[in-house]
Number of protein chains: 2
Amino acid sequence: MNEKQQEILNAAEKLFEEKGFDGTSVRDIAKEANVNLAMISYYFGSKDKLLETLFETRLDNFRINYELIFDKDFTAFESLEKLVHVYVKTMNQNAGVYKILSVEGGIKKRLINSDSFTKIKKFNLELVSKVLQKGINAGVFNKTVSPVLLHSTMMGTFMNFQMNRSFLQNVLAITSDEAYNQYIENQLANHIHRTIKALLIYED
Amino acid sequence: MNEKQQEILNAAEKLFEEKGFDGTSVRDIAKEANVNLAMISYYFGSKDKLLETLFETRLDNFRINYELIFDKDFTAFESLEKLVHVYVKTMNQNAGVYKILSVEGGIKKRLINSDSFTKIKKFNLELVSKVLQKGINAGVFNKTVSPVLLHSTMMGTFMNFQMNRSFLQNVLAITSDEAYNQYIENQLANHIHRTIKALLIYED
DNA sequence: GTTTAATTTAAACAAATGTTTAATTTGTTT
DNA sequence: AAACAAATTAAACATTTGTTTAAATTAAAC
């Protein structure tokens with residue numbers, strides 16, 4: 001994958017995130033990437049295949065690093081804390097592609113390379129299950145929490161910050177994008193961690 | 001607003017949700033609504049104004065019913081439980097428009113009637129604050145939880161089920177759409193309630 | 001240095017897009 | 001019944017769309 005191809009992919013990522021796949025023309029992408037219009041077909045075949053290739057090249061970024069979470073010396077609580085922070089950081093670093101995936105994945109006619117992404121999603125969901133199991137085996141977590149629901153709370157809370165950026169920046173009085181990212185990786189990650197931890201040790 | 005106009009709005013809602021605003025042509029809408037193409041311009045002026053009108057006509061559905069949550073006889077815990085269930089049910093009943101708003105609202109060039117929606121969002125956020133305050137005044141909730149973060153967890157967890165419908169239907173082995181809606185209004189709402197309640201009474 | 005392949009370009013293509021037009025039908029009012 | 005307004009239609013409109021073409025340029029191989 002040469003430099004020009006990467007520029008095209010970066011331009012596509014930026015514009016797809018900002019304006020959506022259907023709201024972005026290949027001419028927009030060509031202009032943003034400073035390449036001739038025909039280069040996109042030349043390298044990627046079509047606009048659809050460009051989206052496909054974009055996902056493929058970014059796919060591995062979404063696999064959560066197992067070792068960071070399951071260090072042998074970690075308690076269940078430490079694994080949980082790591083899980084949440086690694087998860088939020090990983091997703092936030094790939095927020096652009098994740099937002100595109102989230103939006104375009106919900107569109108029926110788009111038959112996104114869903115196999116590979118489903119595989120990764122299930123792998124990541126498995127991590128949540130493993131952390132849960134670790135705490136249950138250690139006798140410190142409540143048994144009855146569904147990993148799917150737990151994962152939805154983690155991912156959903158995070159994604160809410162991606163989908164409502166301007167509203168939340170306003171409400172939280174955050175002016176710069178860097179500050180917003182900092183808020184996500186610190187306060188938001190802490191909130192998610194506290195929330196899930198509370199749920200797991202909560203008995204009613 | 002006559003019958004034909006409503007059919008157009010319903011068709012637009014359905015298609016915008018399925019294929020996105022830019023992925024839907026006015027011809028698609030006309031066909032779905034069984035009206036002549038020109039009727040859309042005739043009644044709504046333009047495709048953009050159609051979207052605007054769609055939001056306007058559905059706007060009030062998003063205002064959470066205050067009385068259902070703040071019955072005088074309710075304890076803070078009961079208000080919290082009501083809040084979550086009313087919230088989830090309200091949003092689920094308007095999931096289509098909410099998804100459109102969520103997706104299209106993130107697109108920069110689209111200058112959605114954001115004032116009216118921001119107002120409602122803030123009103124609903126205020127409800128969360130009020131429930132929180134009620135519990136704090138009663139001495140039963142933890143003081144340090146941000147209503148914005150709490151709201152993000154509630155909305156985000158719910159929206160995660162809207163944005164990842166097919167994946168979750170697969171993972172949860174839910175086959176029908178009705179069963180999925182039931183799952184959302186029962187198990188999911190309970191999960192969100194348990195989660196938030198746990199956080200609010202949790203002390204570390 | 002010549003030949004061959006890869007890259008880059010401007011132009012053209014047909015199809016689809018949102019919107020308008022001008023004519024016709026339908027409904028209402030007098 | 002006549003006159004008027006509202007609703008409905010098929011056709012046309014100018015752009016924009018994704019993609020292809022054929023020629024020109026650059027790079028690589030021999």
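Owing to the predicted nature of the structure, the values given are computational and were not obtained by experimental measurement. Just so we're on the same page: letters track the sequence lines, and every chain starts at 1.
Here the C1' atom of nucleotide D:dT16 and the CG atom of A:Leu37 are 12 Å apart, to the nearest Å. Atom pair B:Lys47:NZ and C:dG18:P shows a separation of 4 Å (rounding to whole Å applied). One can place CD of A:Gln5 at 11 Å from C1' of C:dT7, the figure rounded to the nearest angstrom. The distance from atom CD of A:Glu7 to atom P of C:dT8 is 11 Å, rounded to the nearest whole Å. Rounded to whole Å, the distance from CG on B:Leu50 to C1' on C:dG18 is 12 Å. Computed from coordinates, the A:Asp48 CG to D:dG18 C1' distance equals 10 Å when rounded to whole Å. Between A:Lys19 atom NZ and D:dT16 atom P there is a gap of 12 Å when expressed in whole angstrom units.
In the model, A:Asn92 has a side-chain atom that pairs as donor or acceptor with a side-chain atom of A:Gln162 under 3.5 Å. For the residue pair B:Tyr43 / B:Asn2, a side-chain donor-acceptor distance below 3.5 Å is found, with atom types taken as modelled.
Using modelled atom types, no side-chain atom of B:Asn160 and backbone atom of B:Gly156 make a donor-acceptor pair closer than 3.5 Å. Judged by distance alone, the side chain of B:Asn124 and the main-chain N or O of B:Ile64 form a donor-acceptor pair under 3.5 Å.
A tilted orientation is assigned to the rings of B:Phe16 and B:Phe21, their planes being inclined by 30° to 60°.
Nearest-nucleotide positions on DNA chain D place B:Asn36 closer to the 5' end than the other of A:Ser46 and B:Asn36.
Considering only heavy atoms from C-beta on, B:Tyr202 comes within 4.5 Å of A:Lys197 through its side chain.
A sub-4.0 Å separation between OP1 or OP2 of C:dT8 and a side-chain N or O of A:Lys4 is present. Within the structure, every side-chain polar atom (N or O) of A:Tyr42 is placed at least 4.0 Å from both OP1 and OP2 of C:dT8.
Each of B:Val128, B:Thr153, B:Leu125 was compared with B:Val148 under the side chain to side chain contact (heavy atoms under 4.5 Å, CB included) criterion, and only B:Leu125 meets it.
If you check every strand for non-hydrogen atoms under 4.0 Å, A:Ser41 touches a base. At the heavy-atom level, A:Ile40 lies nowhere under 4.0 Å from the strands shown. Using a 4.0 Å heavy-atom criterion, one finds that B:Tyr43 contacts the sugar-phosphate atoms exclusively.
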Legend entry - Nucleotide-level pairing of DNA chain C, given in dot-bracket where Watson-Crick and G-U pairs need both distances under 3.5 Å and | marks other strands: ||||||||||||||||||||||||||||||
